[in-house]
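Shown next, in structure tokens, is the structure this report addresses.
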Amino acid sequence: MTTAKTTDKTAKTAAKTARSTAGAAGNGTKVRRARTAPAPSPVTPPATGPVAGHCDELLHALAPFRDQAGTAQSWGERLARVLAGGGRLLAAGNGGSAAQAQHLTAELVGRYRDDRPPFSAIALHADTSSTTAIANDYGVDEVFARQVRAHGREGDVLMLLSTSGASANLLSAAEAGREAGMSVWALTGPAPNPLAAGSDESLCVQAGSTATVQELHLVAVHMVCAAFDAALEDVLEGGSTDDAADA
Ligand SMILES: O=C(CO)[C@@H](O)[C@H](O)[C@H](O)[C@H](O)COP(=O)(O)O
């Protein structure tokens with residue numbers, strides 16, 4: 001008797017489950033909703049320690065950085081004339097700065113906001129075969145300089161990114177760029193530093209931590225791209241790139 005009762009109960013439960021499943025599948029069967037208490041709204045705990053400090057340091061560095069935004073704008077405008085005139089941008093950095101340099105070239109070869117023609121921009125560190133061969137055969141300090149001598153032409157732009165402003169391979173690249181008649185622009189951490197001194201122009205982020213400098217370098221990269229796109233409309237409409245050599 002007990003076995004028959006159990007079997008009957010099991011069958012009823014299975015039938016109920018089947019009805020629920022069918023309802024959930026949307027075949028019109030009514031499914032009774034479970035009465036559960038509404039989930040409490042999530043409360044974001046306040047950030048403390050290094051996380052709060054990270055935001056504070058960024059905020060602190062942003063105001064003085066904003067005062068230098070004119071440099072980024074000027075770079076973007078002149079870069080538009082150089083690239084639209086058939087010139088090229090070479091960019092390089094180490095570690096996190098390599099990623100930022102590559103971010104800039106990607107925005108120019110691809111696009112920033114709106115559709116526009118592609119432009120010649122090369123992240124030197126991204127050529128892993130050249131970079132490793134040069135490092136192996138000539139030493140790490142030559143990895144960018146040798147590529148600058150290979151690809152850089154008079155009137156082109158060389159953008160070098162460094163948080164310390166002291167990386168030897170970027171200092172050699174700046175020297176090679178100037179020898180080639182390129183415009184050498186440096187995005188660095190606090191001034192003074194050797195890379196800023198060895199470049200034609202620099203935008204130096206006054207922040208104590210490498211992370212903050214890198215974050216504001218990305219902002220600078222985007223500001224250059226915004227100015228580039230805005231200036232490009234005038235350059236292409238005017239059809240004049242005569243002043244590319246002024247860059
Ligand atoms: O991203 C970080 C630290 O945040 C590191 O990878 C950092 O980029 C590397 O230590 C670089 O070698 C530093 O070079 P630099 O920016 O001083 O020229």
Side-chain angles (χ1 to χ4, degrees), residues 47 49-62 64-65 68 71-72 75 89-108 121-149 151-152 157-180 182-225:
V51 172
H54 190 105
C55 292
D56 292 343
E57 191 172 352
L58 188 56
L59 283 169
H60 185 69
L62 191 57
F65 172 79
Q68 302 187 74
T71 299
W75 285 355
L89 171 75
L90 303 181
N94 296 291
S97 297
Q100 310 287 29
Q102 201 165 336
H103 194 135
L104 174 61
T105 56
E107 305 280 37
L108 294 164
I122 300 173
L124 300 178
H125 55 272
D127 182 346
T128 51
S129 293
S130 291
T131 301
T132 52
I134 296 167
N136 203 30
D137 299 342
Y138 297 93
V140 175
D141 291 356
E142 274 298 297
V143 289
F144 302 135
R146 192 169 176 84
Q147 292 186 74
V148 167
R149 286 188 214 105
H151 301 302
V157 175
L158 174 63
M159 178 84 88
L160 301 171
L161 292 86
S162 172
T163 57
S164 64
S167 295
N169 54 9
L170 296 174
L171 296 176
S172 314
E175 200 180 325
R178 294 184 78 175
E179 281 169 9
M182 301 175 77
S183 297
V184 181
W185 300 342
L187 258 179
T188 74
N193 63 70
L195 183 59
S199 302
D200 294 310
E201 294 174 49
S202 60
L203 198 168
C204 306
V205 175
Q206 298 300 133
S209 89
T210 300
T212 302
V213 171
Q214 288 174 342
E215 284 153 15
L216 288 177
H217 280 181
L218 178 57
V219 177
V221 161
H222 282 151
M223 293 192 308
V224 167
C225 292

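The analysis underlying the following values was restricted to heavy atoms, covering all of them including side chains, and did not include hydrogens, waters or symmetry mates. Both ligands and their constituent atoms are indexed starting at 1 by order of listing. Numbers here are sequence positions counted from 1.
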### Query
Tell me, which pairs form a side chain to side chain donor-acceptor pair (under 3.5 Å) where one or both residues lie in residues 187-200, sequence neighbours left out?
R178-D200, T188-N193

### atom 12 (O) of ligand 1: nearest protein contact (heavy atom, Å)
N94 CB, 3.7 Å

### Query
How far is atom 17 (O) of ligand 1 from its nearest protein heavy atom, and which residue and atom name does that atom have?
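Minimum-distance protein heavy atom for atom 17 (O) of ligand 1 reads S164 OG, 2.6 Å.
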
#### Entry: Criterion side-chain contact (heavy atoms from CB on, under 4.5 Å) on Q214 and T163, from CA distance to verdict
CA-CA 7 Å; Q214 288 174 342; T163 57; 3.6 Å; yes

### Message
If we ignore hydrogens and angles and just use 3.5 Å, is the side chain of S172 paired with the main-chain N or O of D141 as donor and acceptor?
### Response
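Checked: pair present.
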
### Query
With only distance considered, is T210 within less than 3.5 Å of ligand 1 through an N or O on each side?
no

### Query
So is G95 polar-close to ligand 1, meaning N/O to N/O under 3.5 Å?
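Such a contact does not occur with ligand 1.
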
### Query
In this structure, which one of L160, V143, L90, T105 forms a side chain to side chain contact (heavy atoms under 4.5 Å, CB included) with L124?
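Among the candidates, only L90 passes.
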
#### Entry: Partner set under side-chain contact (heavy atoms from CB on, under 4.5 Å) for Q206, not counting sequence neighbours
P190, A191, C204

### Query
Is A211 in contact with ligand 1, taking contact as a heavy-atom separation below 4.0 Å?
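The answer is no, since A211 has no heavy atom less than 4.0 Å from ligand 1.
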
What distance do [X] atom [atom1] and [Y] atom [atom2] have between them, rounded to the nearest 0.5 Å?
| X | Y | atom1 | atom2 | value |
| --- | --- | --- | --- | --- |
| Q100 | H222 | CD | NE2 | 8.5 Å |
| E215 | S209 | CD | OG | 7.0 Å |
| L161 | L203 | CG | CG | 10.0 Å |

Under 4.0 Å from a heavy atom of [X]: which atoms of ligand 1 are those, numbered in the order shown and with their elements?
| X | value |
| --- | --- |
| S97 | 16 (O) |
| Q214 | 1 (O), 2 (C), 3 (C), 4 (O), 8 (O) |
| S162 | 15 (P), 16 (O), 17 (O), 18 (O) |
| G96 | 1 (O), 6 (O), 8 (O) |
| S167 | 14 (O), 15 (P), 17 (O), 18 (O) |

### Query
So, for atom 14 (O) of ligand 1, does the protein have a heavy atom nearer than 4.0 Å?
yes

